[in-house]
Amino acid sequence: MDDDANTALSELGRMYRNVVSRDETLTVGMTDSQTGALVARKLWQRLHAGVFLMGPAPPNFEQKLIAATKAAGAGSFVSHRAAARLHRLDGAEAHSTVEVTVTAGLPEPRATRVHRTRRTDPTDVTTVDRIPVSAINRTLIDYASCVPPVLVERAVECAIRRGKATEGSLLRYVEAAPRATPGKARLRQVILGRPLGRAAASGFEVMLLDIIGQHGIEMPERRVPIANESGTIVAEADLGYPTRWLLLEAHSRKWHSTARQTKRDLARHRELERLGYRVEYFTHAEVVRSPERCADRITTALRTASRRSA
């Protein structure tokens, strides 16, 4: 190839993480025999028919996604669990399945979970790092069709907290979806079951909220601002029952381990107690391994809590 072709190929590689299609190589002036020679010498890899990885290293997750959409053809896009991971939603980082959605007539790439759809609204598709992927509302409804409710809750809270979605727009999207749409009922239930307050600050809080919901306990408000006598906000509780003077805090070693953090936490706790609040702290281990004990603690605290006078 001449210098111009090499430059064009390098630009393609930069744009698409070194994943290129046969059509793209032909466009920049490469022949099939040149591509085949690179594959034979193990300098390139054939990931799918007509899709290549420029280099000998194993493809990473994003490269696999790009390759799958190039193999499936124009109109295909990353979806479901893979889309949730690509959008970097809480709880989705462990998903490793390559999933794409295609319309009728498009091929099915190998080693890929393929979903076929008749819903082809262009607003349902966006790009993340140049990879075609379902837009956030479509991602969440698809995600709700294939993972447990607690992961849906974590994803929804993450999307709202990061400004990727709003509760109103997401609910409108769900209500407008056809009745038989997979994931519609579960996502609608998650949205309507959200407690009052702003989006949860972490997946840890969502897991604690899930325990509360599963045990039929009165739902708390989230990220409750606490003011002192002069009206100055002195703290923000993770979860709370303001009218009962009861606060629930997710206690993470990551954010509460140094001497300075411990001193700050102690001063904060004393101020909350001085203002009349009872604070129940929950560790990650308790939430994950002892949900019944967490539920019992909250139930007992609510039963003994005093109501705020009007």
Side-chain angles (χ1 to χ4, degrees), residues 12-13 15-27 30 32 35-36 38-40 42 44-89 92-148 151-152 155 173 177-184 186-187:
L12 277 174
M15 290 172 60
Y16 298 111
R17 303 192 183 207
N18 289 332
V19 177
V20 294
S21 68
R22 175 176 179 268
D23 288 345
E24 289 166 340
T25 59
L26 292 174
T27 298
M30 285 186 72
D32 287 338
T35 303
L38 289 169
V39 173
K42 300 188 184 302
W44 281 22
Q45 301 171 61
R46 182 178 282 106
L47 301 182
H48 299 280
V51 180
F52 307 94
L53 175 61
M54 300 161 55
N60 60 31
F61 186 67
E62 288 76 14
Q63 288 171 327
K64 291 178 182 178
L65 297 181
I66 295 171
T69 57
K70 285 182 180 290
S76 65
F77 54 91
V78 176
S79 63
H80 295 72
R81 282 156 287 210
R85 176 172 167 177
L86 195 57
H87 281 295
R88 298 174 179 84
L89 300 179
E93 58 276 356
H95 298 310
S96 59
T97 301
V98 175
E99 289 186 88
V100 300
T101 290
V102 302
T103 54
L106 291 180
E108 295 190 5
R110 64 182 180 84
T112 302
R113 181 165 294 178
V114 176
H115 305 268
R116 292 199 175 273
T117 185
R118 295 179 180 177
R119 296 169 58 202
T120 57
D121 188 334
T123 63
D124 277 347
V125 183
T126 186
T127 59
V128 173
D129 297 333
R130 295 185 181 273
I131 304 173
V133 61
S134 52
I136 193 66
N137 289 347
R138 175 69 181 265
T139 292
L140 288 169
I141 201 169
D142 288 342
Y143 194 52
S145 72
C146 57
V147 299
L151 286 183
V152 182
Y173 183 86
R179 178 177 295 182
T181 301
K184 172 173 178 166
R186 176 170 289 176
L187 182 55

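Predicted model, so just to flag it, every value in this text is computed and none were measured. Note: hydrogens, waters and symmetry copies are ignored here, and every other heavy atom, side chains too, is used. In what follows, residues are counted from 1 in the order of the sequence shown.
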Option from Asp124, Leu140, Ile136 for which side chain to side chain contact (heavy atoms under 4.5 Å, CB included) with Tyr173 holds: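 Between Tyr173 and the candidates, side chain to side chain contact (heavy atoms under 4.5 Å, CB included) is satisfied uniquely by Asp124.
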With rounding to the nearest 0.5 Å, note down the distance linking [atom1] in [X] to [atom2] in [Y].
{"X": "Ile131", "Y": "Phe61", "atom1": "CD1", "atom2": "CZ", "answer": "9.0 Å"}
{"X": "Ile141", "Y": "Arg186", "atom1": "CD1", "atom2": "CZ", "answer": "12.5 Å"}
{"X": "Leu53", "Y": "Tyr16", "atom1": "CG", "atom2": "OH", "answer": "15.5 Å"}
{"X": "Arg116", "Y": "Thr101", "atom1": "CZ", "atom2": "OG1", "answer": "10.5 Å"}
{"X": "Ser21", "Y": "Ile66", "atom1": "OG", "atom2": "CD1", "answer": "12.0 Å"}
{"X": "Ser76", "Y": "Glu108", "atom1": "OG", "atom2": "CD", "answer": "11.5 Å"}

Test side chain to side chain contact (heavy atoms under 4.5 Å, CB included) on Val78 and Arg85 and set out the steps. CA-CA 10 Å; Val78 176; Arg85 176 172 167 177; over 6 Å; no
Should the pair His115 and His80 be assigned to parallel (<30°), tilted (30 to 60°) or perpendicular (>60°) ring geometry?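 Ring orientation of His115 relative to His80: parallel.
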Heavy-atom closest pair, residues [X] and [Y]:
{"X": "Lys184", "Y": "Ala177", "result": "NZ-O, 2.6 Å"}
{"X": "Glu24", "Y": "Val19", "result": "OE1-O, 4.3 Å"}
{"X": "Pro109", "Y": "Ala68", "result": "CG-O, 3.4 Å"}
{"X": "Ala72", "Y": "Val102", "result": "CB-CG1, 3.8 Å"}

If you apply the rule side chain to side chain contact (heavy atoms under 4.5 Å, CB included), what do you find for Thr35 with Arg22, and how did you get there? CA-CA 8 Å; Thr35 303; Arg22 175 176 179 268; over 6 Å; no
N/O donor-acceptor pair under 3.5 Å between Arg110 side chain and Leu47 backbone: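 Present.
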Any donor-acceptor pair under 3.5 Å linking the side chain of Gln45 with the backbone of Gly55?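 Yes, Gln45 side chain to Gly55 backbone: donor-acceptor pair under 3.5 Å.
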Residue among Thr126, Thr139, Asp142 satisfying side chain to side chain donor-acceptor pair (under 3.5 Å) with Ser134: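 Looking at Thr126, Thr139, Asp142, the match for Ser134 under the side chain to side chain donor-acceptor pair (under 3.5 Å) is Thr139.
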Return yes if a side-chain donor-acceptor contact under 3.5 Å exists between Thr123 and Asp121, otherwise no.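 The criterion, which ignores hydrogens and geometry beyond distance, is satisfied for Asp121 and Thr123.
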Without hydrogens or angle criteria, can the side chains of Tyr143 and His95 be said to hold a donor-acceptor pair below 3.5 Å?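 There is such a pair (donor and acceptor under 3.5 Å, judged by atom type) between the side chains of Tyr143 and His95.
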Before you tell me yes or no, could you show the steps for Leu38 and Phe52 under side chain to side chain contact (heavy atoms under 4.5 Å, CB included), namely the whole-Å CA-CA distance, both residues' side-chain angles and the distance that decides it to 0.1 Å? CA-CA 10 Å; Leu38 289 169; Phe52 307 94; over 6 Å; no
Given the rule in the side chain to side chain contact (heavy atoms under 4.5 Å, CB included) test, do Leu89 and Leu151 qualify, once you have shown the distances and angles that lead to the verdict? CA-CA 10 Å; Leu89 300 179; Leu151 286 183; over 6 Å; no
Does any part of the side chain of Pro56, heavy atoms only, come nearer than 4.5 Å to the side chain of Lys42, both counted from C-beta?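 Sidechains of Pro56 and Lys42: no contact.
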So do Val133 and Thr69 actually touch side chain to side chain, heavy atoms under 4.5 Å?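 No - every pair of side-chain heavy atoms lies 4.5 Å or more apart.
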Check this for me, if you would: do Arg17 and Asp129 make a salt bridge, where the nitrogen-to-carboxylate-oxygen distance has to be below 4.0 angstrom?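 A salt bridge links Arg17 with Asp129.
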